[in-house]
Amino acid sequence: MSYTLTTPLYYANDRAHLGSTYTTLACDAIARHQRLRGERVTFITGCDEHGQKIQRTAEAAGLTPQAHCDAVSERYRQLWSRWQISNDRFIRTTDPRHRQLVEQFFARVEAAGDVVEGRQQGWYCVACEEFKDDPHEAQDPECPIHRRPLEWRDEVNLFFRLSRYQRQLEELIRRPGFIAPASRRREVENFVAQGLRDFSISRVDLPWGIPVPGHPGHTFYVWFDALLGYLTALFDPAEPVRLERLQERGWPAQLHVIGKDILRFHAVYWPAMLLSAGLPLPERVFGHGFLTREGQKMGKSLGNVLDPEVLLERCGRDAVRWYLLRDIPFGDDGDFQQQRFTDLVNSDLANTIGNLLNRTSSMARRWFAAAVPPAGAGAADSHPLALAASHTAAAVGEALENLDFRVAAEAILQLAGTANAYLNDQAPWKAMKQPGRETAVAADLYAVLEASRWVAVLLAPLLPELSDRMLRQLGQTPFDSSAHTGQQTGAWLAAQRWGVLASAAALPEPEPVMQRLELDAPL
RNA sequence: GGCUCGGUAGCUCAGCUGGUUAGAGCGUGGGAUUCAUAACCCCAAGGUCGGGAGUUCAAGUCUCCCCCGAGCCA
């Protein structure tokens, strides 16, 4: 089976912010989970590089649009690489192959009779790249979102006949699971119910875009071009772009993850475009929420923007991933609070999970020749920790399928908590002082080591690096869920069996797998 | 202006089709312990469930109005 998922193609107007990082981290966890399950994954991200806004930003910086995009997209690429994002593809809409794809796609849409000319007059926001509904006679109207003056436009554009797809889209949107979370569905339903209007797919006098074949002077509207980037990305960079081959390359996508602000484009315009071109539709569009910081919207004017590069530098990947995935319900809006961030990272990762492994490993080494103790009763499937582990695995699997990272994380945490409590109940440090209890202690420690191993295994999609360190400390081979080299062997599922640790196998000297986070200054 | 989604302990959230003293984790306070990253384990305090009215034997849970936040459409 293959599993294709995408982040949005981020607009190359400016560098990455926390929101795009959040989206990308979540997708990374999904991609890794699917690889670990044995799926052939194509995880797509990239940059959307056309449009008037970029052209103007480049001009203002004294650069050509291409040079500007080269710089911005390179910065994205490097950022994702530093976050160890496991994307298989990074597509840029200025890639020459993308132009081929757009041309092929447009030819289909045009052949379907879905392209018509129309005159468009109105006030236009360059930042939104959209016409606004302000009345024609308005004096100096402003964009309510960007607080910038609107520009008067009067042009003949090409329109996509969205209105023809009214019925089909209504049906699609009703389909359970297409729009997720379900709470966002109503909004789109209402929008469609108002009656779909054709939308323009070209601009005139905008050189920074892909020329529309057969329509001199027109370039494609940036959204039309950008969405198609998901398709271009599926082709191997070395192979020619051929729309007929799309389905062999992993289309349709199982999942588009986006911010809730662009839900309409993905749940309405995009499916209609695909229908017109005779291509299958993505299975699911997931619109997640936005992040605020300490209760306030992040913005340049407030000067409270949290820079993902700074965050990475000062806190590390595991900590940030954990906080964002474990504390913010995926789909809802969330608030980044520094105190809570450090509290959770320290409590969950360092104290509960890290210390569990550390204390157990240290006892095992001390009393059982630096090795995994004889398993005895600890290897039994009926051991309380074995039962807990298998419940946890089921819960984690289900939660991850539902993209509910928070529930998955909590389940893992609970397993670690159960194991910690078990240790306190059994108190091996006391038992070891009594003669004849050595076998029982060995079994207890074995079981707790196994539980720790399960914690590490289940953590692999969410926190690949911490999982890695834990498994090494247990003398196990870590999982490879990265792009391209990801194992896809089912090793991860096979590791979800009680009793994998071999008694007498050497245990490396323990060192803390997770440092506590001490932030002396605000981020 | 119309619509959507939220408003439950200091913080983040659970509470299905209405039904015993409203739950969890973090944080706070206390206890116990020493294997461990001053960690782990146990216990406790903390809520008039945004406000008001209504339906009902019974409402955080249903209806209406209002307030606040986020968003969609005008």
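The analysis underlying the following values was restricted to heavy atoms, covering all of them including side chains, and did not include hydrogens, waters or symmetry mates.
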### Query
Does B:rU33 pair with anything, Watson-Crick or G-U wobble, both distances under 3.5 Å, and if so, with which nucleotide?
none
### Message
Distance check, C1' atoms only: B:rC16 and B:rC62, in whole angstrom units.
### Response
15 Å
### Message
Nearest to the A:N190 side chain among B:rC35, B:rU4, B:rC41, which nucleotide is it?
### Response
B:rU4
### Query
How far does the P atom of B:rC65 sit from the matching atom of B:rG2, given to the nearest Å?
10 Å
### Opposite nucleotide pairing with B:rA53, Watson-Crick or G-U, both atom distances under 3.5 Å
B:rU63
### Task
Scan A:V513 against the nucleic acid and name what it touches under 4.0 Å (heavy atoms): base, sugar-phosphate only, or nothing.
base
### Minimum-distance nucleotide (side-chain atoms of A:E187 versus B:rC40, B:rU4, B:rA70)
B:rU4
### Modelled atom types, side-chain donor and acceptor of A:R203 and A:S200, under 3.5 Å
yes
### Task
In whole angstrom, give me the gap between the P atoms of B:rC42 and B:rA32.
16 Å
### Message
For the aromatic rings, using the six-membered ring if either is Trp, is the centroid distance between A:F341 and A:F336 under 6.0 Å?
### Response
yes
### Query
Out of B:rA14, B:rC35, B:rG71, which nucleotide sits closest to the side chain of A:D332?
B:rA14
### Task
For the side chain of A:K260, starting at C-beta, report the closest nucleotide among B:rG71, B:rU37, B:rC26.
B:rG71
### Task
Whole angstrom is fine here: how far is it from CZ in A:R516 over to P in B:rG27?
9 Å
### Query
Expressed in angstrom and rounded to an integer, what is the separation of A:Q414 atom CD from B:rC26 atom P?
12 Å
### Query
What nucleic acid atoms does A:M432 come within less than 4.0 Å of, heavy atoms only: base, sugar-phosphate, or nothing?
nothing
#### Entry: Ring centroid separation A:H50 to A:Y11 under 6.0 Å
no
### Query
A:F160 vs A:Y165 aromatic rings, parallel, tilted or perpendicular, using cut-offs 30° and 60°?
parallel
### Task
Answer with yes or no after comparing the ring centroid distance for A:Y10 and A:H17 against a 6.0 Å cut-off, counting only values under it.
no
### Query
If anything within 90° of 0 is syn and all else is anti, what is B:rG60?
anti
### Message
Please compare A:G334 and A:L349 by the position of their nearest nucleotide in RNA chain B and report the one closer to 5'.
### Response
A:G334
### Query
Which part of the nucleic acid, if any, lies within reach of A:Q194 when heavy atoms closer than 4.0 Å are counted: base, sugar-phosphate only, or nothing?
sugar-phosphate
### Query
Less than 3.5 Å between a donor and an acceptor, one on the side chain of A:N424 and one on the base of B:rC40, is that the case here?
yes
### Query
At under 4.0 Å between heavy atoms, what does A:R186 touch on the DNA or RNA strands: base, sugar-phosphate, or nothing?
sugar-phosphate
### Task
Please measure how far the P atom in B:rA14 lies from the corresponding atom in B:rG50, and state the result in whole Å.
13 Å
### Query
Base, sugar-phosphate, or nothing: which does A:P329 touch, judged by heavy atoms less than 4.0 Å apart?
sugar-phosphate
### Query
Rounded to the nearest Å, what distance is computed from the CZ atom of residue A:R469 to the P atom of nucleotide B:rU37?
17 Å
### Message
Under 4.0 Å, counting only non-hydrogen atoms across every strand here, what does A:A350 touch: a base, just sugar-phosphate, or nothing?
### Response
base
### Between B:rC40 (C1') and A:W429 (CH2): distance, integer Å
8 Å
### Task
Indicate yes or no: does A:R406 engage A:E410 in a salt bridge with an N to O separation below 4.0 Å.
yes
### Message
Between P on B:rG15 and CZ on A:R406, what's the gap in Å once rounded to a whole number?
### Response
10 Å
### Message
Checking base pairs now: Watson-Crick or wobble, both atom distances under 3.5 Å. What partners B:rA38?
### Response
none
### Query
On RNA chain B, nearest-nucleotide positions of A:S347 versus A:E511: which is more 5'?
A:S347
#### Entry: Closest to side chain of A:N358, choosing from B:rA74, B:rA36, B:rC41
B:rA36
### Task
Sticking with atom P, work out how far B:rU63 lies from B:rU4, rounded to a whole angstrom.
12 Å
### Message
Just to be sure I understand the rule, does A:R185 reach a base, reach only the sugar-phosphate, or reach nothing, if contact means heavy atoms closer than 4.0 Å?
### Response
nothing
### Query
To the nearest Å, how far apart are A:F405 CZ and B:rU12 P?
21 Å
### Nearest to side-chain heavy atoms of A:Q337, which nucleotide of B:rC35, B:rC11, B:rC3
B:rC11
### Task
Choose from B:rC3, B:rA36, B:rU33 the nucleotide whose nearest atom is closest to any side-chain atom of A:K430.
B:rU33
### Message
Just N and O in the side chain of A:R366: are any of them under 4.0 Å from OP1 or OP2 of B:rA36?
### Response
yes
### Query
Across all strands, who's sitting opposite B:rG25 as a Watson-Crick or G-U wobble pair, both distances under 3.5 Å?
B:rC11
### Message
If I take atom OH from residue A:Y22 and atom CZ from residue A:R321, how far apart are they, to the nearest 0.5 angstrom?
### Response
12.5 Å
### Message
Taking B:rA53 as the reference, what is the distance to B:rG60 when you measure between their P atoms (whole Å, please)?
### Response
14 Å
### Query
In whole angstroms, how far is the P atom of B:rC26 from the OH atom of A:Y323?
16 Å
### Message
In whole Å, measure the gap between the P atoms of B:rG6 and B:rC64 for me.
### Response
15 Å
### Summary
The Watson-Crick or G-U wobble partner of B:rG6, with both key distances under 3.5 Å, is B:rC68
### Task
Taking the six-membered ring for Trp and the single ring otherwise, decide whether the centroids of A:Y269 and A:F224 are under 6.0 Å apart.
no
### B:rG1: pairing nucleotide in any strand, Watson-Crick or G-U under 3.5 angstrom
B:rC73
### Query
If the C1' atom of B:rG19 is compared with that of B:rA58, how far apart are they to the nearest Å?
6 Å
### Message
Using whole Å, what does the distance between atom C1' of nucleotide B:rA36 and atom CE of A:M514 come to?
### Response
17 Å
### Query
Checking all strands, does A:N351 fall into the base, sugar-phosphate, or nothing category for heavy-atom contacts under 4.0 angstrom?
sugar-phosphate
### Task
Could you tell me whether A:R119 and A:E155 have a side-chain N and a carboxylate O separated by less than 4.0 Å?
no
